[in-house]
Amino acid sequence: MIRSFFLAYGLFVLALVGFAEYRGWSMNRIDEVRDVPKSVRDNPGSYRSVYSSYHHYTGGK
Amino acid sequence: MSTSGPAPAGAPQVKSLNCPGCGATLTVRSFGNAVTVICESCHSVLDAQDPALRILQQFHASTDEDPPLIPLGSRGSIRGVLYEAIGFQRRTIQVEGISYSWHEYVLFNPTKGFRYLTEYDGHWNDVSILRALPELSAGGATLKYLGETYRHFQTVDAATAFVLGEFPWQIRVGEIARVSDFISPPRVISSEGSGEEVTWSIGEYIAGRDIWKTFKLQGEAPAPIGVYENQPSPMSSNVKKVWALTGVFLIALLAVAVGAYWMESDEQVFEQTFEFNTGAGGEGSFVTDVFQLKGRTSDVELTTNASVDNDWIYLNYALIDQDTGHAYDFGREVSYYHGYDSDGSWSEGGTTNTVTIPSVPPGNYYLRIEPESDPNRGLVRYAVTVKRDVPQASFFGLAALALLLPAGLMTWRSLNFEHLRWAESDYGSAPSDGSLLSTVESITDTFKGSEDGE
């Protein structure tokens with residue numbers, strides 16, 4: 001019983017990692033934006049990044 | 001004296017006698033085989049070999065205090081042989097001032113003879129007398145029997161506290177015997193003796209529900225409490241199988257990783273170095289040249305390498321498909337700080353940052369980059385590199401952990417089971433037998449011991 005379960009579990013993990021590699025999954029958080037106007041290429045300042053209000057770390061020890 | 005009528009073939013014969021102490025009727029089920037019979041009414045221990053049933057001992061006790069779970073006279077099959085429960089005793093040991101008791105049942109079959117059942121906290125053993133002497137090691141830590149090694153578990157002085165029914169030896173309440181148990185789950189070999197005479201027996205763990213079923217007892221068998229000395233671990237056999245499968249899966253994972261690194265293109269599609277003048281002011285965003293992402297939908301890895309030194313640069317990125325207008329928006333900070341203080345030298349961060357954009361369809365893309373930094377910093381150089389279809393080592397690491405998790409959990413449970421088992425022994429922890437589990441357990445115990453000592 002446990003052997004069958006682990007066999008299925010192991011095959012699932014292998015299939016998952018294979019599929020993730022094939023499809024190019026990532027663990028990074030990336031926002032997707034649809035229908036960005038073509039004018040951005042000529043006027044980059046017209047695009048507002050999701051992260052433009054990010055508060056930057058200015059530290060050090 | 002009268003017989004109770006014809007008995008079925010293979011079933012014990014039953015005879016009735018009268019107690020010389022109180023006159024109560026005694027039922028003797030193993031007539032001719034019993035050495036001692038106990039009167040249930042007056043608790044006289046009688047010599048069954050004497051026609052006059054000489055009284056050997058009388059003791060004061062109430063049968064109701066600790067009634068046998070298997071009523072005397074009950075019949076059930078053990079290993080295909082019909083036995084009748086004819087005797088019952090409670091035995092007690094003292095460990096660190098605490099009394100522990102277990103029960104023993106004498107079973108009888110006219111052709112097969114005697115057999116025994118023991119019960120402690122819901123744990124049952126089917127016990128028979130050994131016909132050959134086991135081979136005891138020099139130190140007495142192990143013994144061998146029929147090629148199997150048994151490890152010494154505990155030696156105790158057990159006192160007979162209560163008796164009922166018939167026994168094939170001269171039993172007395174209060175008599176003390178030295179009992180040593182050697183285990184190889186699910187079996188246990190016990191030596192029992194007082195003075196010169198030593199009796200060896202072998203027991204095998206048996207589920208209470210099987211006892212209940214074969215003796216047709218009312219209700220359900222009491223649930224076992226704790227871990228018994230020869231209770232088979234539900235994990236130990238599975239642990240080896242699961243570790244073997246884990247090994248196979250890890251090899252398969254390695255093959256998948258090699259395949260991924262071999263098949264995935266890991267192609268560099270863009271590389272350029274930029275300069276950002278932090279004090280220039282105005283609009284800092286710009287776009288790169290268009291580059292092509294080929295092949296199937298797969299990941300894109302973007303690496304930023306910046307010449308920061310006790311400083312930072314933040315880059316708002318957008319990877320934009322110029323044909324569909326679909327953009328991937330993200331920000332990355334590159335910061336590197338270092339110095340020296342009373343603790344010595346220190347550093348944090350680095351000059352490189354890598355991000356992986358998942359599942360990007362093929363197409364013609366460009367980057368919109370908007371750098372930010374300390375306005376007083378001046379000129380910051382940074383290089384941006386874009387690669388297509390890059391293998392993700394982190395997935396293989398996580399998959400390896402996921403594959404190791406069940407085997408690790410099962411090993412932990414198995415170790416915990418063995419720890420509970422051996423905690424009740426004379427040793428407190430399992431002696432090493434050279435196996436992997438034993439080695440891990442001894443390391444764990446050493447670690448625990450050092451923690452306790454702190």
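Chain letters run A, B, ... following the sequence lines, proteins first, then strands; residues in each count from 1. Computed from a predicted model, the values in this text were never measured in an experiment.
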Chemist: Count the heavy-atom pairs under 4.5 Å between each of A:Arg23, A:Met27, A:Arg41 and chain B, then report the option with the highest count.
Modeler: A:Arg41
Chemist: How far does CZ of A:Arg3 sit from NZ of B:Lys241, to the nearest 0.5 angstrom?
Modeler: 7.0 Å
Chemist: Go through B:Leu319, B:Asn310, B:Thr297 and name the one with the most non-hydrogen pairs under 4.5 angstrom from chain A.
Modeler: B:Thr297
Chemist: What option among A:Trp25, A:Tyr22, A:Phe5 has the most heavy-atom pairs under 4.5 Å with chain B?
Modeler: A:Tyr22
Chemist: Over all heavy atoms of both residues, which pair between A:Arg48 and B:Asp329 is shortest? Give the atoms and the distance, please.
Modeler: O-OD2, 4.4 Å
Chemist: With respect to chain A, which residue among B:Val390, B:Val248, B:Thr288 yields the maximal number of heavy-atom pairs within a distance under 4.5 Å?
Modeler: B:Thr288
Chemist: Take A:Leu11 and B:Phe249 through the test side-chain contact (heavy atoms from CB on, under 4.5 Å) and record every step on the way to the result.
Modeler: CA-CA 8 Å; A:Leu11 289 172; B:Phe249 280 133; 4.0 Å; yes
Chemist: Non-hydrogen atoms of chain A under 4.5 Å away: do they reach the side chain of B:Arg332, the backbone, both or neither?
Modeler: side chain
Chemist: Mind running side-chain contact (heavy atoms from CB on, under 4.5 Å) on A:Tyr47 and B:Glu370 for me, showing each step along the way?
Modeler: CA-CA 10 Å; A:Tyr47 180 88; B:Glu370 184 179 353; over 6 Å; no
Chemist: Do you know the tightest heavy-atom contact between B:Thr324 and A:Asp35?
Modeler: O-OD1, 4.3 Å
Chemist: Report which part of B:Tyr336 has an atom under 4.5 Å of a heavy atom belonging to chain A: side chain, backbone, both, or neither.
Modeler: neither
Chemist: For B:Ile369, is it the side chain, the backbone, both, or neither that has a heavy atom closer than 4.5 Å to a heavy atom of chain A?
Modeler: neither
Chemist: Non-hydrogen atoms of chain A under 4.5 Å away: do they reach the side chain of B:Gln392, the backbone, both or neither?
Modeler: both
Chemist: Taking all heavy atoms of A:Pro44 and all of B:Ser285, pick out the closest pair and write down the distance.
Modeler: C-OG, 3.4 Å
Chemist: Looking at B:Asn238, B:Asp389, B:Leu245, which one has more heavy-atom pairs under 4.5 Å with chain A than the rest?
Modeler: B:Leu245
Chemist: Between B:Gln322 and A:Lys38, which heavy-atom pair has the shortest distance, and what is it?
Modeler: O-NZ, 2.8 Å
Chemist: If I measure from the heavy atoms of chain A, does B:Val300 come under 4.5 Å with its side chain, its backbone, both, or neither?
Modeler: neither
Chemist: At what distance, to the nearest 0.5 angstrom, does CD1 of A:Ile30 lie from CG of B:Asp299?
Modeler: 11.0 Å
Chemist: Among B:Ala399, B:Ala407, B:Ser359, which residue has the highest count of heavy-atom pairs closer than 4.5 Å to chain A?
Modeler: B:Ser359
Chemist: What I'd like to find out is whether the side chain of B:Phe396 reaches to under 4.5 Å of the side chain of A:Val17, using heavy atoms alone.
Modeler: yes
Chemist: What part of B:Tyr366 gets closer than 4.5 Å to chain A, counting heavy atoms only: side chain, backbone, both or neither?
Modeler: side chain
Chemist: Pick whichever of B:Glu264, B:Met263, B:His326, B:Glu283 has the most heavy-atom pairs under 4.5 Å with chain A.
Modeler: B:His326
Chemist: Does B:Phe286 CZ have over 12 foreign heavy atoms under 6.0 Å away?
Modeler: yes
Chemist: Once you round to the nearest 0.5 Å, how far does CZ of A:Phe19 lie from CZ of B:Phe395?
Modeler: 11.5 Å
Chemist: What distance do B:Arg368 atom CZ and A:Ser46 atom OG have between them, rounded to the nearest 0.5 Å?
Modeler: 7.5 Å
Chemist: Examine whether an atom of B:Ile320 lies under 4.5 Å from a heavy atom of chain A, and if so say whether it belongs to the side chain, the backbone or both; otherwise answer neither.
Modeler: side chain
Chemist: So which part of A:Leu16 gets closer than 4.5 Å to some heavy atom of chain B, the side chain, the backbone, both or neither?
Modeler: neither
Chemist: So which of B:Asp321, B:Val256, B:Leu253, B:Asp374 has the biggest tally of heavy-atom pairs under 4.5 Å with chain A?
Modeler: B:Leu253
Chemist: Side chain, backbone, both or neither: which part of B:Thr246 has a non-hydrogen atom closer than 4.5 Å to chain A?
Modeler: both
Chemist: Chain A heavy atoms under 4.5 Å from B:Met410: which part of the residue, side chain, backbone, both or neither?
Modeler: side chain
Chemist: Taking all non-hydrogen atoms of both residues, which atom of B:Leu403 and which atom of A:Gly10 are closest, and how far apart?
Modeler: CD2-CA, 3.7 Å
Chemist: Testing the basics here: between B:Ala252 and A:Leu14, what is the closest heavy-atom pair and its distance to 0.1 Å?
Modeler: CB-CD1, 3.6 Å
Chemist: Can you tell me how far apart CD (B:Glu301) and CG (A:Asn28) are? Round to the nearest 0.5 Å.
Modeler: 9.5 Å
